Amino acid sequence: MRNHVQVAVIGGGVVGASVLYHLTKAGWKDVLLIERAELTSGSTWHAAGGMHTVNGDPNVAKLQQYTIELYKEIEQISGVSCGVHITGGLMLAGTPERVDWLRMAQARGRYLGMDLQLITPAEARNMYPLLDEKHFLGAIYDPIEGHVDPYGVTHAYAKSAQIGGAEVVRQNRVLDTKQRADGTWDVITEKGTVHAEHVVNAGGLWAREVGRFVGLELPILAMEHQYFITEDLPELKGQKELLHVIDFEAEIYMRQERQGMLLGTYERAGVPWSPRTTPWDFGQDLLPNDLERIAPSVSVAFEHFPRLESAGIKKVVNGPFTFAPDGNPLVGPVKGLKNYWVACGVMAGFSQGGGVGLSLANWMVEGDPGADIWAMDVARYGDWANRPYTNAKVRENYSRRFRIRFPNEELEAARPLRTTPIYEKLQAENAVFGDYCTLEHPLWFAPKGSPAREDATFRRSNAHPHVAGECRAVREGCGLIEISNYGKFEITGPKAAEWLSKIMACKVPAVGRIALSPMLNERGRLIGDFTMCRVSEDRFFVVGTYAAEVFYLRWFEKHLPPSGVSVRPCAMEYLGLSVAGPKSRDVLQKLVDHDLSTAAFPFMSFAQLDVGMIPALVGRVSFTGEMGYEIWVTSEYLRSLYDLLHEAGNGHGLRNFGGRALNSLRLEKSFGNWAREFRPIYGPYEAGLGRFVHLDKGEFIGRAAAAAEKASGGVRKLVTLAVDARDADAIGDEPIWHGDKVVGWVTSGGYGHCVGKSIALGYVYNAVANEISGFAVELMGEKRAAVRSAEALYDPKGLRMRA
Ligand SMILES: Cc1cc2nc3c(=O)[nH]c(=O)nc-3n(C[C@H](O)[C@H](O)[C@H](O)COP(=O)(O)OP(=O)(O)OC[C@H]3O[C@@H](n4cnc5c(N)ncnc54)[C@H](O)[C@@H]3O)c2cc1C
């Protein structure tokens, strides 16, 4: 075993092997994989090997496509067969909602280059004689589905990597990882210590334990998972291999295995395995069967596929594999641990392993994953995702694997967990709450006396008329919304302004002013958007998306100078309320001595003010498009502030509003949101943020690339579309058509209650970005005509928020 390497990859499952291969492919040859036992000794060896391209996140779907295409390449390099069977697959719908879901999946596939065909139950039956069509309403046929041999794939990756210069050491457990003062690592193994510049934790079933070597508690949990293989069915003999099948109503997946059928299920009563510590002596072991647990699904499957009932069971496999709370992998560099990377929590190693390896290798070698992998980034979880939380959410996610997640649906596990001091007050107002990184926040307010509950649907819900009322209250009078669920950073020090100017693309504001502040990476792509408020010469209050707090902190830390700047996350220390609407000034003026007139406190002003007796940071800024103020206070004051504002707002018709109304109001203004309109695949000019990028202010990260984007015009533009929708608005990820071509995708959508239009924001290619008509958005399988609006649909000149 080498004693000094550039990278030590811990774990020889399909994921570690893929990382190793991709590192060599990207040019890093001095790389070592260390495996405790034999390759595949974690969850990989007993996997069913199924693979498919469909994923809820289009960016993850692209990486799944990449993974499936990769098998030819590693077979060619290594000479090892991956045992690829591309059978094609069917996803079967038994309810109208699932048919809607299939239509949406098919639509999304259009801009991803997927060839998904919507077919009737009779057509499905022709393709798959084992099913009884009377239980189904429709299906999707995907020609690119199938299965592989898990052992073959892992060895093909490892061998290809070895041919590329990597070393693989088996039967050698990593006992510890210790960081040296220079940020490199001592990897302590049973066979001696290796000095590595970088460490990759691809420990799969033991990734948690490997993480604990460095004090890291990764949010992953293994669940028991069962499938069985039937005795041979004589009618399959000599026939073309059957398709893969997902039957959502039975909650099963199924494929042919030799002459029998392999049937697996994600049962509702899923059982975690080793919730605290994974035993090191667990090898290529299986867990005891528990067919009773999967009986409810299996009995539905027997109705839907009657031939199976009489087929005996030849073999049962019950094995554990790991999940993150949302079911997506955990990939990337870990904040606070230099040169420490993870690639774990991969629940679909044979669809995703290649994409995970590619992204991580790009990230390590090029400094950037090369694709938008926000959905897999380990930084999407903060400290709030601790072990008990992970346990609750993973179980919920597992049990819902084959259930629809409606766009307006709030899941119940681990709730309510974090609440702010006005939670009970909002509850008393009949707030319907949402969960955002475990923090409860109001979505909308149901009428008094009716249940505070929203129907889960793809269409407009029971919230629709009530949200309309909230929107009107803001546009016509004054609304109050809790905005505690934003991320906040206090950035201080003599070099704070200089540093912010380098890290952000905007001009640093003067004391008492606010700047909208895009943050770019070296490639000039958007990796953040903030409101930067300057409190004093060397103190800034910076507000951004809370879900990206760790993502931002990781970036900040990477670029912090050794001294002179301090960054302090203070999301839960400062909570906030915003008042918005033409009467908002009148309400707030009653409570502060400071002159709030536009002359004295214009749009984008910021000050430390006493609101009544409450010390606060107050900014005149608005996400609703109306005159508005954001008021930030330390948490102990929030309750008093809420009461005070309501008292002051009494005569002005002040009314609570929630996140649903805010979304409608911001869509009317064409204001983008992080993780929707603003993501690392877009440049600031494409995203309509060019006016906040100050190329002439001096050097900043991403400047050269942003200048090039400005000169070239980028490849696409964010546009606003008014859609001729019926009862369902765009949500996001729908294709945008122009004529008979798909020219882009929706990033977010909803109903603009005050303009009376269904609105979609999305990106289209430059070639059509200046067209007005001829657009359509595909909603629930229907192309609904859309008209591009060259400017925001509401108050395009922004006069109302500046009034
Ligand atoms: C019953 C079942 C069916 C499945 N079916 C499918 C399917 O159809 N399709 C699909 O895509 N996925 C399926 N999966 C999931 C799939 O198995 C996982 O996605 C995949 O195995 C994850 O691979 P990994 O490399 O992350 O982890 P693992 O396979 O667990 O590999 C981790 C490796 O790291 C090694 N290791 C850990 N700690 C150390 C240490 N300290 N020192 C040295 N080595 C260490 C372990 O020995 C192990 O070999 C299934 C899983 C199960 C259990």
Side-chain angles (χ1 to χ4, degrees), residues 8-20 32-52 64 67-68 145-151 153-154 157-158 168-177 187-191 194 199-213 220 222-229 244 246 253-255 257 262-266 273 278-287 289 315-324 327 329-331 342-354 356-357:
V9 177
I10 304 172
V14 63
V15 174
S18 167
V19 170
L20 192 74
L32 167 71
L33 184 146
I34 309 171
E35 165 55 45
R36 187 183 65 99
E38 292 300 325
L39 296 182
T40 76
S41 292
S43 51
T44 299
W45 73 277
H46 50 230
M51 54 182 188
H52 48 88
Q64 296 191 177
T67 301
I68 294 172
E145 263 190 51
H147 56 275
V148 286
D149 165 21
Y151 181 90
V153 167
T154 310
Y157 277 131
V168 174
V169 174
R170 300 173 171 81
Q171 300 295 345
N172 187 23
R173 174 145 78 92
V174 172
L175 304 170
D176 206 351
T177 47
V187 180
I188 299 151
T189 79
E190 289 170 334
K191 293 184 180 166
V194 185
V199 166
V200 177
N201 175 354
L205 280 182
W206 293 267
R208 259 181 334 182
E209 283 64 27
V210 172
R212 285 175 192 157
F213 295 159
I220 43 179
M223 297 291 291
E224 292 191 17
H225 181 72
Q226 298 183 82
Y227 63 79
F228 63 77
I229 299 170
H244 272 235
I246 291 178
Y253 62 88
M254 191 160 58
R255 70 166 170 85
E257 171 72 17
L262 182 157
L263 186 152
T265 171
Y266 288 78
W273 179 71
T278 310
W280 287 109
D281 61 359
F282 186 79
Q284 292 204 345
D285 301 313
L286 288 177
L287 306 170
N289 304 332
K315 182 178 170 193
V316 183
V317 170
N318 183 11
F321 66 119
T322 54
F323 298 77
L330 297 178
V331 181
V342 294
C344 55
V346 183
M347 63 146 298
F350 303 97
S351 305
Q352 299 176 338
V356 166

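Just so you know, these numbers come straight off a predicted model, no measurement behind them. We count ligands from 1, going down the list as the structure has it; atoms in each ligand are counted the same way.
In Ala207, neither the side chain nor the backbone holds a heavy atom less than 4.0 Å from any atom of ligand 1. If you look at Trp273 next to ligand 1, there are no close heavy atoms at all, none under 4.0 Å.
In this structure, Glu35 has a heavy atom closer than 4.0 Å to ligand 1. Put simply, part of Asn172 is less than 4.0 Å from ligand 1, judged by heavy atoms. Not close to ligand 1: Cys344, with no non-hydrogen atom less than 4.0 angstrom away. For Trp45, the heavy-atom gap to ligand 1 stays at 4.0 angstrom or more.
Considering both main-chain and side-chain atoms, Met51 never comes within under 3.5 Å of ligand 1 through any nitrogen or oxygen pair. By the 3.5 Å distance cut-off applied to N or O atoms, Leu205 is counted among the residues near ligand 1. The distance criterion of under 3.5 Å between nitrogen or oxygen atoms is not met by Phe321 with respect to ligand 1. Where the criterion is an N or O separation shorter than 3.5 Å, residue side chain and backbone included, Phe350 meets it with respect to ligand 1. Of the N or O atoms in Glu38, none lie within a sub-3.5 Å distance of an N or O in ligand 1. At under 3.5 Å, not a single nitrogen or oxygen of Ala47, backbone or side chain, sits near a nitrogen or oxygen of ligand 1. Residue-to-ligand polar distances keep Trp280 apart from ligand 1: every N/O pair is separated by 3.5 Å or more. The shortest N or O to N or O distance between Gly50 and ligand 1 is below 3.5 Å.
Within ligand 1, the atoms closer than 4.0 Å to a non-hydrogen atom of Val346 are 18 (C), 19 (O), 22 (C), numbered from 1 in the order shown. Of all atoms in ligand 1, numbered sequentially from 1 with element shown, those under 4.0 Å from a heavy atom of His225 are 1 (C), 2 (C), 3 (C). Here is the list of ligand 1 atoms found below 4.0 Å of a heavy atom in Met347: 12 (N), 15 (C), 19 (O). Every atom of ligand 1 with a heavy atom of Gly204 under 4.0 Å away is listed here by number and element: 26 (O), 27 (O), 28 (P), 30 (O), 32 (C). Taking a cut-off of under 4.0 Å to the non-hydrogen atoms of Val14, the atoms of ligand 1 that pass are 20 (C), 23 (O), 25 (O). Remark: ligand 1 atoms within the under-4.0 Å shell around heavy atoms of Ile34 are 43 (C), 44 (N). Close approach to Ile10 involves these atoms of ligand 1, each under 4.0 Å from a residue heavy atom: 39 (C), 40 (C), 42 (N). Taking every heavy atom of Gly42 and a limit of under 4.0 angstrom, the matching atoms of ligand 1 come to 28 (P), 29 (O), 30 (O), 48 (C), 49 (O).
Among protein heavy atoms, the minimum distance from atom 41 (N) of ligand 1 is reached at Val174 O, 3.1 Å. Of the protein's heavy atoms, Gly11 CA, 3.0 Å lies nearest to atom 34 (O) of ligand 1. In this structure, atom 31 (O) of ligand 1 lies nearest to the protein heavy atom Gly13 CA, 3.4 Å. Closest to atom 6 (C) of ligand 1 among all protein heavy atoms lies Ala48 N, 3.6 Å. In terms of protein heavy-atom proximity, atom 30 (O) of ligand 1 is nearest to Ser43 N, 2.9 Å. When only non-hydrogen protein atoms are considered, atom 44 (N) of ligand 1 lies nearest to Arg36 N, 2.9 Å. Here the heavy atom of the protein found nearest to atom 37 (C) of ligand 1 is Gly203 O, 3.4 Å. Protein heavy atom nearest atom 25 (O) of ligand 1, with residue, atom name and distance: Val15 N, 3.0 Å.
The main-chain N or O of Asn172 is never found under 3.5 Å from a side-chain atom of Thr189 such that the two would form a donor-acceptor pair. A donor-acceptor pair is defined here as one N or O able to donate and one able to accept, closer than 3.5 Å; such a pair exists between the side chain of Glu209 and the backbone of Thr278. A donor-acceptor distance shorter than 3.5 angstrom exists from the side chain of Gln64 to the backbone of His52, with no hydrogens or angles considered. At distances below 3.5 Å, at least one donor-acceptor pair connects side-chain atoms of Ser18 with backbone N or O atoms of Gly353.
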### Message
If you apply the rule side-chain contact (heavy atoms from CB on, under 4.5 Å), what do you find for Thr44 with Phe350, and how did you get there?
### Response
CA-CA 9 Å; Thr44 299; Phe350 303 97; 3.8 Å; yes
Check the pair Glu190 / Gln171 against side-chain contact (heavy atoms from CB on, under 4.5 Å), numbers first and verdict last. CA-CA 9 Å; Glu190 289 170 334; Gln171 300 295 345; over 6 Å; no
For side-chain contact (heavy atoms from CB on, under 4.5 Å), just list the numbers for Tyr157 and Leu39, CA-CA rounded to whole Å, side-chain angles, deciding distance to a tenth of an Å, and then say yes or no.
CA-CA 11 Å; Tyr157 277 131; Leu39 296 182; over 6 Å; no
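The two residues Leu20 and Leu32 make their nearest non-hydrogen contact at CD1-C, 3.9 Å. What you find for Ala222 and Leu205 is that their closest heavy atoms are CB-CD2, 4.0 Å. The two atoms that bring Ala17 and Thr154 nearest to each other are CB-O, 3.7 Å, heavy atoms only. For the pair Asn201 and Gly211, the tightest heavy-atom approach, listed with the atom from each and the gap, is ND2-N, 3.4 Å.
A distance below 6.0 Å separates the ring centres of His225 and Tyr253.
Counting only heavy atoms from C-beta outward, the side chains of Met51 and Thr67 never approach each other to under 4.5 Å. Put simply, the side chain of Phe213 does not reach to within 4.5 Å of the side chain of Val187, judged on heavy atoms.
At a cut-off of 3.5 Å, with distance as the only test, no side-chain donor of Arg36 or Ser41 sits close to an acceptor on the other residue.
Around atom NZ of Lys315, no more than 12 heavy atoms belonging to other residues, nucleotides or ligands sit under 6.0 Å away.
With sequence neighbours left out, the side chain to side chain contact (heavy atoms under 4.5 Å, CB included) criterion links Glu257 to Ile229, Arg255, Leu262.
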